[in-house]
Amino acid sequence: MKIVMLGAPGAGKGTQAKMLADKYAIPHISTGDIFRANMKEGTPLGKKAKEFMDAGALVPDELTVDLVLDRIGREDCKNGYILDGFPRTINQAEKLTEALSSQGGDIDFAVNVDVPDESIIKRMAGRRMCPSCGASYHVVNIPPKKEGVCDRCGADLITRKDDQPETVKNRLSVYHEQTQPLYDYYKEKGLVVDVDGTKPMEEVFKAITDRLGE
Ligand code: AMP
């Protein structure tokens with residue numbers, strides 16, 4: 001099963017993507033995670049991506065498309081995958097469609113996790129992550145056992161630079177301008193599954209899997 005996650009940054013699509021990857025035993029491919037791992041390792045890609053990410057802007061398509069097409073061509077993707085954070089522009093979506101149609105296929109579902117902007121701004125203000133192992137938390141919704149400390153590895157939690165309020169506003173306007181048109185793109189193909197992302201995590205997950213099947 002090949003799935004694309006749609007929805008604004010902070011809508012909870014990453015959390016759902018991880019749960020879906022477990023359920024369907026397919027890889028969860030998050031372009032944001034790939035860029036952050038590269039930044040942490042100080043690779044040339046990470047250095048280039050950092051300036052865009054810190055500003056809440058999109059990393060240019062030249063740095064993004066081939067990376068994803070290469071990743072989905074690997075052996076562990078032969079039964080499908082979940083793309084989280086890609087595509088984010090119509091150009092990226094077209095490149096993905098072209099690559100898949102050259103193999104005679106397309107994605108199976110575009111899951112749209114819908115959350116209004118006001119709720120997103122509130123959610124992101126509470127988001128924390130572990131700079132050491134990458135675990136994510138939320139001060140209200142998914143608090144660590146000890147405040148400010150990672151349950152998994154004991155490191156001090158941080159607020160991602162791109163989760164700071166000003167950057168969040170910028171990311172949302174980038175989303176509305178460049179990424180939201182993907183909804184219509186996949187709707188026209190009849191692939192969209194809409195879910196209400198303001199509901200509790202387990203309910204959102206059930207709504208998605210009811211539509212995708214066992
Ligand atoms: P995310 O973790 O998905 O919210 O991504 C964090 C940041 O990584 C975004 O704000 C962008 O700067 C960058 N990024 C992730 N995926 C893409 C993509 N498909 N195209 C361009 N930039 C991306």
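Computed from a predicted structure; not experimentally measured. For ligands, and for the atoms within them, numbers begin at 1 and follow the listed sequence.
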Could you tell me, for ligand 1, which of its N or O atoms are under 3.5 Å from any protein N or O, listing the pairs and their distances rounded to 0.1 Å?
{"from": "ligand 1", "atom 1": "2 (O)", "to": "R36", "atom 2": "NH1", "distance (Å)": "3.0"}
{"from": "ligand 1", "atom 1": "2 (O)", "to": "R36", "atom 2": "NH2", "distance (Å)": "3.0"}
{"from": "ligand 1", "atom 1": "3 (O)", "to": "R88", "atom 2": "NH1", "distance (Å)": "3.1"}
{"from": "ligand 1", "atom 1": "3 (O)", "to": "R88", "atom 2": "NH2", "distance (Å)": "3.3"}
{"from": "ligand 1", "atom 1": "4 (O)", "to": "R88", "atom 2": "NH2", "distance (Å)": "3.2"}
{"from": "ligand 1", "atom 1": "4 (O)", "to": "R171", "atom 2": "NH2", "distance (Å)": "2.7"}
{"from": "ligand 1", "atom 1": "12 (O)", "to": "A57", "atom 2": "O", "distance (Å)": "2.6"}
{"from": "ligand 1", "atom 1": "16 (N)", "to": "T31", "atom 2": "OG1", "distance (Å)": "2.7"}
{"from": "ligand 1", "atom 1": "16 (N)", "to": "G85", "atom 2": "O", "distance (Å)": "3.3"}
{"from": "ligand 1", "atom 1": "16 (N)", "to": "R88", "atom 2": "NH1", "distance (Å)": "3.0"}
{"from": "ligand 1", "atom 1": "19 (N)", "to": "G85", "atom 2": "O", "distance (Å)": "2.8"}
{"from": "ligand 1", "atom 1": "19 (N)", "to": "Q92", "atom 2": "OE1", "distance (Å)": "3.0"}
{"from": "ligand 1", "atom 1": "20 (N)", "to": "Q92", "atom 2": "NE2", "distance (Å)": "2.9"}
{"from": "ligand 1", "atom 1": "22 (N)", "to": "V59", "atom 2": "N", "distance (Å)": "3.0"}

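The neighbour count for K161 NZ, taken as heavy atoms of other residues, nucleotides or ligands under 6.0 Å away, does not exceed 12. Residue K206 places its NZ atom among 12 or fewer non-hydrogen atoms of other residues, nucleotides or ligands, all under 6.0 Å distant.
Without hydrogens or angle criteria, D196 side chain to T198 main chain gives a donor-acceptor distance under 3.5 Å. Between the side chain of K199 and the main chain of A207, no donor-acceptor pair closer than 3.5 Å is present. Formation of a donor-acceptor pair under 3.5 Å by the D151 side chain with backbone atoms of K145 is found in this model.
Counting heavy atoms from C-beta on, the side chains of L83 and M5 never come closer than 4.5 Å.
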